[in-house]
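Written below as structure tokens is the structure these notes are about.
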Amino acid sequence: MTEHRASYPVRVDATPDPAPISRWLWLVKWLLLVPHLVVLAFLWLAFCGVGIVAFFAILISGRYPRGLFDFNVGVLRWSWRVHYYGYGALGTDRYPPFTLNDVADYPAHLAVPYPERLSRGLVLVKWWLLALPQYLIVGIFVGGGLWFGVQGTHASNGWAGGGLVGLLVFIAAIVVLFTGRYPRPLYDFVLGMDRWAFRVAAYAALMTDRYPPFRLDQGGTDPGSAPARPTPAPPSGMPGGPTPVAPAPVA
């Protein structure tokens, strides 16, 4: 019998890309991502400023200003696409678009429904006191990227430099280099940790009053919700896809 898991307001989805994974592109993605990292550095500075304004707005009115909320969701969405392409998952070779909006045909999606009302009392304690157990877990998952969830100042692709995610993504990269395939169990586990980290980040950023669940929801589709996009059959070289008949060409 299939276990039903209730959905969480912060949806973090990913779908296999039609294009096969390159065996060697991950070696230079750090360089290709430099333009995104520069832009995200400024976006996360703005994210922090917006969070401070939102804190006082919620404290006074119980509402998160809609324009500010949409901006911060966009920053999280942009960050997730960069992480999925880069060393937070290595889930696709499709270059992330430069936009705060959702991109229908990109394989990584993030959505947070707008809360009509938020607790004025919780806003005082949830981002530092209530979230402390979550920070400890996320710190194990993403290492230095713990500050991504705590303060929102850790922009770009920082969490890939440490923690369990960084280690497992490196192992996956070595496997891809030699076999052209991303092991599906490893892919699912990495995405589960990424999903947990983004849930905590959104909660700490005051975007929901729902406490993040203590569970590892693995795989590309966020459990309890419909996929962000229809999931095609995984192609050769992607997680769950058939073993390539011939090695991928190396440019």
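- Nearest approach of Gly51 to Asn72, heavy atoms of both residues: N-ND2, 4.2 Å.
- Judged by distance alone, the side chain of Gln218 and the main-chain N or O of Leu191 form no donor-acceptor pair under 3.5 Å.
- Between Val142 and Ala197, the closest heavy-atom pair is CG1-CB, 4.2 Å.
- Annotation: side chain of Val103 is in contact with side chain of Asp105 (closest heavy-atom distance under 4.5 Å).
- Among Leu118, Leu76, Val10, the single residue meeting the side-chain contact (heavy atoms from CB on, under 4.5 Å) criterion with Met207 is Leu76.
- Cluster membership check: Trp24 shares its hydrophobic cluster with Leu31, using side-chain heavy-atom separations under 4.5 Å among Ile, Leu, Val, Met, Phe, Trp and Tyr.
- Asp102 and His109 form a side-chain donor-acceptor contact under 3.5 Å, judged by distance and modelled atom types alone.
- Side-chain contact between Lys29 and Asp93 is present, with at least one heavy-atom pair separated by less than 4.5 Å.
- When atom types are taken as modelled, the side chain of Tyr84 and the backbone of Thr92 share no donor-acceptor pair closer than 3.5 angstrom.
- With respect to the salt-bridge test (charged N to carboxylate O, under 4.0 angstrom), the residues Arg199 and Asp222 qualify.
- Contact check for Phe214 versus Ile137: side-chain heavy atoms found under the 4.5 Å cut-off.
- For the pair Trp127 (side chain) and Val123 (backbone), a donor-acceptor distance under 3.5 Å is present.
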Side chain to side chain contact (heavy atoms under 4.5 Å, CB included) between Tyr85 and Leu90, worked out: CA-CA 5 Å; Tyr85 171 82; Leu90 290 181; over 6 Å; no

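- Tyr8 places no side-chain N or O within donor-acceptor distance of the main-chain N or O of Pro223, the cut-off being under 3.5 Å.
- Side-chain atoms of Phe141 and Leu216, non-hydrogen and from C-beta on, do get closer than 4.5 Å to each other.
- Judged by distance alone, with hydrogens and angles left aside, the side-chain atoms of Trp80 form a donor-acceptor pair with the main-chain N or O of Asp13 at under 3.5 Å.
- Aromatic ring pairs are classed by plane angle as parallel below 30°, tilted from 30° to 60° and perpendicular above 60°; the pair Phe98 and His36 is parallel.
- The two atoms that bring Ala54 and Pro65 nearest to each other are CA-CD, 4.5 Å, heavy atoms only.
- The distance from atom CG of Leu40 to atom CZ of Phe47, rounded to the nearest 0.5 Å, is 11.5 Å.
- Looking at every heavy atom in both residues, Ser22 comes nearest to Val176 through O-CG1, 3.5 Å.
- Here the CG atom belonging to Leu177 is positioned 6.5 Å from the CG atom belonging to Leu27, to the nearest 0.5 angstrom.
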Side chain to side chain contact (heavy atoms under 4.5 Å, CB included) assessment of Leu132 paired with Leu136: CA-CA 6 Å; Leu132 276 177; Leu136 295 176; 5.8 Å; no

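- Looking only at side-chain heavy atoms (C-beta outward), Tyr106 and Pro97 come within less than 4.5 Å of each other.
- Side-chain atoms of Arg81 never come within 3.5 Å of backbone atoms of Tyr95 as a donor-acceptor pair (strictly under, hydrogens ignored).
- The distance from the CD1 atom of Ile21 to the CG atom of Leu25 is 10.5 Å, given to the nearest 0.5 Å.
- Minimum interatomic distance between Gly88 and Asp194 (heavy atoms only, all atoms of both residues): O-OD2, 2.6 Å.
- Side-chain N or O atoms of Arg195 include one that pairs as donor or acceptor with a backbone N or O of Val12 at under 3.5 Å.
- A side-chain donor-acceptor contact under 3.5 Å links Arg63 to the backbone of Glu116.
- Taking hydrophobic clusters as Ile, Leu, Val, Met, Phe, Trp and Tyr residues chained together by side-chain heavy-atom distances below 4.5 Å, Ile52 shares a cluster with Phe71.
- With rounding to the nearest 0.5 angstrom, the CG atom of Leu206 is 5.0 Å from the CD1 atom of Ile58.
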Verdict with reasoning, Val165 to Phe189, per side chain to side chain contact (heavy atoms under 4.5 Å, CB included): CA-CA 9 Å; Val165 168; Phe189 190 54; over 6 Å; no

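- A distance of 13.5 Å separates CG in Leu32 from CH2 in Trp26, rounded to the nearest 0.5 Å.
- Within the cation-pi definition used here (under 6.0 Å to the ring centroid, within 45° of the axis), Lys126 qualifies as a partner of Tyr203.
- The SG atom of Cys48 sits 11.0 Å away from atom CG of Leu43, with the distance rounded to the nearest 0.5 Å.
- Tyr114 OH: more than 12 foreign heavy atoms inside a 6.0 Å radius.
- Put simply, the side chain of Arg23 gets close to the backbone of Phe178: a donor and an acceptor are under 3.5 Å apart.
- Phe55 has its side chain within reach of Leu124: a pair of non-hydrogen atoms, C-beta onward, lies under 4.5 Å apart.
- Proximity of a side-chain donor or acceptor of Asp209 to a complementary backbone N or O of Ser119 within less than 3.5 Å is detected.
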Kindly determine whether Tyr182 and Val190 satisfy side chain to side chain contact (heavy atoms under 4.5 Å, CB included), including the steps that lead there. CA-CA 11 Å; Tyr182 198 137; Val190 166; 4.3 Å; yes

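- Residues Leu110 and Arg11 are not in side-chain contact: their nearest non-hydrogen atoms beyond the backbone lie 4.5 Å or more apart.
- Counting only heavy atoms from C-beta outward, the side chains of Phe69 and Val112 approach each other to under 4.5 Å.
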